[in-house]
Amino acid sequence: MDATRTLRLLPLLLAGLAIAPAWGQAPSRADAPRGLTEIPDAELGAMRGRYTVGNDAVLWFGVTMISTWQTQSGQTLQGQLNVGFDFSQGKPSVSFLPSVSITAADAPLSTPQGQRSVDTAGLDNVSGLVQGVQVAGDGNAARNLTTLTVRDGEAPTAAGLEAGSAHAGASAAGMSASAGFDGNAANVMLQVDGHGIARQWIRPGSLGQSVALTSDGQAVSNQLHMELVRQSLPASAALDQGVAQAISLTRGLGGI
């Protein structure tokens, strides 16, 4: 696979690292954890500077998307996709591993009563990190979860394919599950006819999770886990890097 084409997703993923911790409603001053101080907008507006990660600072970046669905009748669906970007050998390499499963139950799928509808088309026009839940029914449980882990250490061993595109799919009695990566976009999708759809995606300009239900008693979960492994630096190298970054922050200030 063309590494340049494949790594088009990397800037989006790294941008998602900056968005994910700040996504959601900001805590009030009264609710802020002890030891943390909220910075006023006026003070933020007066700040200047930038931070740049060196080319050799990131060893590995990985994303795991897991979607699960349990119907009211007992059927279970699962889709999972692991994508890893390995920079430890100098030349970037990408690995990916999709998997899906559908477990049928003795009871047939229930039929939703009445006319129900939801529309998720608007999410396709949203950039950045997106999470959406739309429910037209009772007794449902829907969750979107995004986590980020940043650590220093060794790059994990690549597991999965390292060339071409990959796709896994399964279907049974009105249910379908798919997971795939084609070099430009990664997707996981679960669908139950007449009951709804759950999906996760990473594509240029957007990283998101969506659950849309038109039934009762469904339990659906989307999980997106991101992990960034940084190269551990000796104490002297870390000091040199800190000094270099401090000098770069002063450029353009006060005539420097």
Side-chain angles (χ1 to χ4, degrees), residues 1-26 51 53 58 60-69 77-87 92 94-100 117-136 142-150 160-161 164-169 176-192 196-214 220-228:
M1 173 184 292
D2 185 347
T4 301
R5 176 171 174 265
T6 301
L7 294 176
R8 289 176 183 172
L9 289 176
L10 187 57
L12 169 64
L13 298 176
L14 295 178
L17 300 182
I19 297 172
W23 186 87
Q25 183 177 2
Y51 175 74
V53 180
V58 178
W60 188 83
F61 183 76
V63 177
T64 299
M65 295 188 290
I66 305 172
S67 294
T68 59
W69 187 321
L77 301 84
Q78 178 170 306
Q80 178 171 336
L81 178 64
N82 298 338
V83 182
F85 299 85
D86 189 346
F87 304 92
V94 180
S95 62
F96 39 89
L97 180 63
S99 62
V100 298
S117 65
V118 294
D119 186 359
T120 63
L123 297 180
D124 294 332
N125 301 319
V126 181
S127 300
L129 179 62
V130 181
Q131 288 182 318
V133 174
Q134 294 176 287
V135 177
R143 182 179 72 157
N144 288 318
L145 173 68
T146 299
T147 65
L148 166 64
T149 301
V150 180
L161 304 175
S165 60
H167 181 270
S176 63
S178 65
F181 179 69
D182 63 5
N184 288 316
N187 296 275
V188 173
M189 184 175 69
L190 305 178
Q191 185 168 7
V192 180
I197 185 171
R199 58 193 180 108
Q200 300 189 74
W201 67 88
I202 302 173
R203 57 176 180 258
S206 179
L207 179 154
Q209 302 170 304
S210 172
V211 177
L213 297 176
T214 56
V220 184
S221 172
N222 283 326
Q223 300 179 53
L224 192 155
H225 303 290
M226 296 179 287
E227 183 178 22
L228 176 67

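Keep in mind it's a predicted model, so treat the numbers as computed, not measured.
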If I take atom [atom1] from residue [X] and atom [atom2] from residue [Y], how far apart are they, to the nearest 0.5 angstrom?
X	Y	atom1	atom2	result
Asn187	Arg203	CG	CZ	7.5 Å
Ser221	Gln78	OG	CD	9.5 Å
Leu145	Gln209	CG	CD	7.0 Å
Phe96	Asp182	CZ	CG	9.5 Å
Ser210	Gln134	OG	CD	6.5 Å
Ile66	Asn222	CD1	CG	10.5 Å

Worksheet item: Using a distance-only test with no angle check, is there a side-chain donor-acceptor pair under 3.5 angstrom linking His225 and Gln223?
Response: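 Yes, because at least one side-chain N or O of His225 sits under 3.5 Å from a partner of the opposite role on Gln223.
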Hey, does [Y] have a side-chain heavy atom less than 4.5 Å from the side chain of [X]?
X	Y	answer
Met226	Phe61	yes
Leu228	Val58	yes
Phe85	Ser95	no
Met65	Ile202	yes
Val133	Val135	yes
Leu207	Trp201	no
Leu77	Thr68	no
Val220	Leu213	yes

Can you give me the closest heavy-atom contact between [X] and [Y], atom names plus distance?
X	Y	answer
Ser206	Val130	OG-CG2, 4.1 Å
Val100	Gly79	CG1-CA, 4.1 Å
Gln200	Ser67	NE2-OG, 2.9 Å
Phe181	Ala186	CD1-CB, 3.7 Å
His167	Ser178	NE2-CB, 3.8 Å
Ala179	Gln80	CB-O, 3.6 Å

Worksheet item: side-chain contact (heavy atoms from CB on, under 4.5 Å) between Asn144 and Thr146: does it pass, once the steps are laid out?
Response: CA-CA 7 Å; Asn144 288 318; Thr146 299; over 6 Å; no
Worksheet entry | Result of checking Val188, Asn82, Leu81, Thr147 against Thr64 for side chain to side chain contact (heavy atoms under 4.5 Å, CB included) | Asn82
